[in-house]
Amino acid sequence: MTELGLPSVPPRKVREIGTGVVFEGSGHHFSAAPDVDIAAASAAAKVPLSVIVQVTKRCDFDCSFCSEVLQLPDPTLEELDTVRRNLTGVGRVFLSGGEPLMRKDFHEIVEMYHRDFVLAVPTNATHGLSHAPRIAGKVAFANIGLEGPRATVRRVRGDYDKQMAGVRALMEHGISLSLSAVVYRSTLSVLPFTVQIGDVLNAGKVKLILPLRKGNALNLAEHEFITQDEAESTFQHLRGLRAEHQWSPALRLTTWTPQNEGHMIVIEPNGMARAWPVYDAKDLWEPLGNVLEEPITAIWRRYRFKENHYAKYLGRSIHAVAQGV
Ligand code: SF4
């Protein structure tokens with residue numbers, strides 16, 4: 001707390017990850033010197049930069065683009081501890097879902113993981129009020145899924161006001177925020193509002209993602225999927241607005257190209273690690289092995305998307321503008 005009794009925001013740090021890569025605490029992303037050879041750095045790495053650990057598949061929303069519609073039992077704390085040990089050396093862990101804050105023991109998971117990894121929490125924030133005090137100071141940032149103003153969020157995601165109550169609670173406890181928005185053709189016109197909201201929330205970054213054809217997104221109308229050219233022109237337009245309005249968040253837009261295939265490593269509640277998205281694989285998942293049974297170093301050795309992983313997380317295969325640019 002400050003002398004005025006206001007919550008203090010933890011300092012945003014740079015953290016060395018290895019192979020020439022650092023985690024930029026202010027923009028919530030990785031960076032490396034421009035001359036770093038991505039192919040060589042990823043080939044030399046022994047572990048991923050970042051993994052996504054699903055602590056539950058449950059969620060209180062049913063977003064129109066959600067890919068996570070099949071359920072599995074939650075992992076126990078003991079299983080999560082085994083996963084933690086087997087992830088030794090990984091730079092950043094997303095404690096994800098489903099909606100991770102649905103777990104009443106979420107603070108115990110944060111307690112278990114926060115000394116070993118840069119921790120990030122992708123969340124819809126609806127349970128932010130009850131969790132914020134217990135995870136404050138231990139997570140690098142919460143990544144809030146929010147598609148802009150109230151009417152749009154209600155149409156494509158869920159209860160905007162419940163989300164914003166949780167967002168305010170996270171902020172009041174000094175938890176740094178980023179925003180993620182899934183982009184439809186029908187939401188293109190609200191994207192400037194989304195970035196403005198990110199600026200008001202002092203978000204480290206605003207991340208825009210195109211929907212993937214899985215789960216609920218299989219029911220989306222075809223016209224909601226924009227083309228690569230539209231994504232490019234949308235990003236350039238937002239980049240111009242960002243400069244004009246002096247918005248501060250870093251801006252990122254990920255599209256689904258061969259260079260981004262399989263770049264994420266997602267660990268399901270049963271420990272199964274999968275490359276995501278693999279375009280011609282069943283449900284876009286490629287199984288890699290089980291982190292309850294073997295260390296991530298063994299899984300990384302046979303992971304065929306190392307270069308895509310590095311290129312994406314270093315902002316080389318996506319549209320990206322860093323903070324302060
Ligand atoms: S996208 Fe996230 S918030 Fe929405 S239903 Fe799926 S898990 Fe829940």
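Order of appearance sets the numbers: ligands from 1, and atoms from 1 within every ligand.
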Are the charged groups of R213 and E222 less than 4.0 angstrom apart, N to O? yes
May I ask you to say whether R134 pairs ionically with E111, meaning some side-chain N is under 4.0 Å from a carboxylate O? no
Note: ligand 1 atoms sitting under 4.0 Å from heavy atoms of F61 are 5 (S)
Does some non-hydrogen atom of G98 fall short of 4.0 Å from ligand 1? yes
Taking only heavy atoms of N124 into account, list the atoms of ligand 1 that are under 4.0 Å away from them. 3 (S)
Heteroatom N/O/S of C66 within less than 2.8 Å of atom 6 (Fe) of ligand 1: yes
Part of C59 with heavy atoms under 4.0 Å of ligand 1, whether side chain, backbone, both or neither: side chain
Walk me through whether T126 and D159 qualify under side chain to side chain contact (heavy atoms under 4.5 Å, CB included). CA-CA 8 Å; T126 55; D159 188 333; 5.6 Å; no
Can a salt bridge be assigned to the pair E294 and R301 using a cut-off of 4.0 Å between side-chain N and carboxylate O? no
Any non-hydrogen protein atom below 4.0 Å of atom 2 (Fe) of ligand 1? no
If you scan protein heavy atoms around atom 4 (Fe) of ligand 1, the nearest is C63 SG, 2.2 Å
Non-hydrogen side-chain atoms of F30 and V118 separated by less than 4.5 Å: no
Check whether the side chains of T152 and E147 place a donor and an acceptor atom closer than 3.5 Å, and report yes or no. no
Crowded around F193 CZ? As in, over 12 foreign heavy atoms under 6.0 Å? no
Only heavy atoms of F65, strictly under 4.0 Å: list the atoms of ligand 1 that pass. 1 (S)
Going by the order shown, which atoms of ligand 1 are within less than 4.0 Å of some heavy atom of R157? 3 (S)
